[in-house]
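Please read the structure below before turning to the comments.
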Amino acid sequence: MVGYSIDEVIDGKVLWSEMTPPEWRHLDIAALQQLKTIGVMEPVEKEYFHKNGSRIRVRVQGTNFEGSSEGIAYVQDITAQRKAEKDLAERDLELRSNQERLAMAISHARVGFYDWDVVENRIIFSDRMMRDWGLDEGHRIDTLESAMQLIHPEDRERVRGLINTAMLQKSTYEAEYRVVHPTGSMIWVEVHGSVIFDAKGKPIRFFGSSIDITKKKKQQEELKLAVAAFHNDRENFRTLFKQTPEMVCILRGPDHVFEFVNEAHIRALGFDATGMAVRVAQPESVEVHGILDGVYRTGKTAELREIPITLTDRLRYFNLTYSARRDEEGEIDGIMILGVEITDQVLAREALKKTELALKSAVRSRDEFLSIASHELKTPITSLKLQAQLALRRFQKAKPFTPEQISELMDMIERQANRLNRLVDDMLDIAHIRSGRLQIQRSRVRLDEFLAEAMLRFGPIFKQAETSISLSVEQSFEGDWDRVRLEQVLNNLLTNGLRYGNKKPISITLRRSPLQPSFARLEVRDEGRGISADALDRIFNRFERDVDRNEVSGLGLGLFITRQIVEAHGGKVWAESEGLQKGSTFIVELPISTG
Ligand code: ADP
């Protein structure tokens with residue numbers, strides 16, 4: 001047992017006292033004491049040193065021989081037994097800890113258990129399940145029916161069906177449903193189950209677990225609602241963006257590919273650019289390309305005001321906002337563009353500016369006109385006054401006029417009076433035209449006769465001005481026109497011919513309009529100072545002149561009145577000139593048919 005041979009024992013190599021390790025020696029002392037007093041040594045368990053130095057577990061007991069101090073000891077090696085016991089204890093501990101772990105796991109997993117004895121129809125719930133299902137001592141369930149009562153009425157039939165299926169098809173049972181506590185509050189549970197059958201295949205036990213999944217359900221519900229809300233919002237925004245009159249588009253990637261464009265953008269571009277890169281869809285908008293690259297690189301929003309863009313051949317103006325789009329990691333992956341068209345506002349503002357300028361120029365013209373008019377009116381008056389003073393002085397000095405001088409004086413007075421008369425007439429006409437009261441009184445007029453009479457009137461005047469006038473009638477016309485007004489037209493054209501014609505002959509031609517055969521055409525041609533191209537039309541406006549006001553006097557009203565009269569007859573008047581110093585032709589066309 002301790003590794004020594006009999007010989008070694010006989011040789012006295014084995015010492016009793018030293019075989020026991022020191023910590024057990026107190027037991028030896030106690031045993032000897034017992035032997036001495038009662039002659040018996042009760043069994044003790046201790047250790048011996050083995051020859052090889054290891055320890056063995058032993059049980060020792062002994063007794064003295066009757067009336068002797070010698071006796072016999074019985075030593076049993078219990079090493080193996082102790083080891084077996086120890087192993088058992090360890091296994092037991094292990095088992096117990098496993099069970100505890102399981103129990104702990106169960107309680108942590110918040111799982112409840114049920115067990116239904118199908119044959120007896122007795123159902124038992126674990127404590128946990130009781131708690132989950134809102135049961136306590138006062139509310140217990142014992143049969144399947146009483147458990148069923150706790151299931152939400154809307155779920156009850158479905159659950160019953162699933163239980164039956166599991167029992168009929170020998171399948172596992174799995175269901176999610178609502179449980180209504182006796183207090184009225186409601187939870188969601190996930191219940192699993194297995195069925196045990198007897199030898200004949202009849203279900204005898206139905207057991208499984210129940211877990212409260214209310215929180216999970218609620219989260220699922222919230223998630224569903226959130227997803228629905230998100231989709232709804234997304235849809236709303238999509239619809240809004242689709243239909244808004246502003247241009248909205250989303251570009252993707254460094255090549256700025258149109259991912260989303262709205263209807264306003266399609267209308268503006270004339271096509272749907274979805275899937276196209278901006279450089280392909282709008283190759284001409286070079287400035288825009290640079291801006292997009294910048295926003296994509298820096299992420300800085302670009303706000304551009306009143307950007308002119310030619311779209312479908314029309315110049316339009318936009319306020320544009322380019323902002324970077326970022327992915328979940330915050331990296332720029334596209335650009336959003338919002339374009340608000342402001343073409344109308346810009347045009348309105350420009351029109352307003354033009355009107356303002358026109359208004360300013362009108363005010364300037366009026367002021368100028370007033371100063372010219374007063375000057376123009378003063379000139380003949382001053383001249384008349386001078387003549388009157390001169391005549392008076394001569395009378396005072398008793399120096400009578402010769403008949404020639406009187407005639408000259410009268411001519412002069414008449415000329416100045418006429419000039420005054422014409423100025424006043426023009427001004428009155430202007431007043432009439434402004435108030436829309438330029439009256440046309442039609443009567444039968446033969447143009448050739450009308451022109452011949454004018455020649456008689458103007459011939460001497462032109463002669464006096466050291467020039468001449470000629471008339472050529474290619475065809476004569478008759479019509480219903482206002483004779484007095486036509487005289488006014490001709491007077492204006494011929495007087496201008498005299499004033500601006502550089503004393504060169506003037507020719508009048510009457511013929512049919514080569515452009516419109518139903519119109520008679522009257523041309524008054526001079527070889528004078530001519531008219532610059534830009535003034536050709538302008539000179540027909542009120543107060544507009546193509547001469548320096550100090551060079552030739554005038555109000556700038558004659559041609560304006562001429563045009564009003566001709567147009568009141570349904571006709572047209574315009575000027576043609578090769579340029580300055582190349583003479584001018586004034587053309588009047590009147591409709592031959594009346595009405
Ligand atoms: P006014 O002669 O009093 O200035 P009008 O309305 O008759 O006013 O003429 C307007 C302007 O047209 C003149 O100031 C002149 O510059 C230009 N004009 C008119 N007739 C002629 C012409 N025959 N040749 C050159 N310029 C002319």
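Counting convention: from 1, in listed order, for ligands and their atoms alike.
Classification of Arg483 and Glu453 as a salt-bridged pair holds, one side-chain N sitting under 4.0 Å from a carboxylate O. We find that Glu527 and Lys504 are not joined by a salt bridge, their nearest charged nitrogen and carboxylate oxygen being 4.0 Å or further apart.
Checked by distance only, ligand 1 and Leu559 come closer than 3.5 Å through their nitrogen or oxygen atoms. No N or O atom of Phe560 sits closer than 3.5 Å to an N or O atom of ligand 1. The shortest N or O to N or O distance between Arg529 and ligand 1 is not below 3.5 Å. Between Gly556 and ligand 1, a contact under 3.5 Å exists for at least one N or O pair.
Remark: Phe237 CZ is loosely packed, at most 12 non-hydrogen atoms of other residues, nucleotides or ligands lying under 6.0 Å away.
The salt bridge (Lys or Arg N to Asp or Glu O under 4.0 Å) contacts involving residues 334-352 comprise Glu306-Arg349, Arg316-Glu341, where partners must be two or more places apart or lie in separate chains.
In this structure, Gly583 does not count as a contact residue of ligand 1, since none of its heavy atoms falls inside 4.0 Å of the ligand. The closest approach between a heavy atom of Asn492 and any atom of ligand 1 is not below 4.0 Å.
Between the side chain of Asn262 and the backbone N or O of Glu246, at least one donor-acceptor pair lies under 3.5 Å. Arg542 places no side-chain N or O within donor-acceptor distance of the main-chain N or O of Ala362, the cut-off being under 3.5 Å.
Contact between Ile506 and Leu498 at its shortest, heavy atoms only, is CD1-N, 3.9 Å.
Atoms of ligand 1 found under 4.0 Å from any heavy atom of Leu557, numbered from 1 in the order shown, are 6 (O), 8 (O). Taking every non-hydrogen atom of Phe586 and a distance limit under 4.0 Å, the qualifying atoms of ligand 1 come out as 19 (C), 20 (N), 21 (C), 22 (C), 23 (N). Residue Ile531 approaches ligand 1 through these ligand atoms, each under 4.0 Å from one of its heavy atoms: 25 (C), 26 (N).
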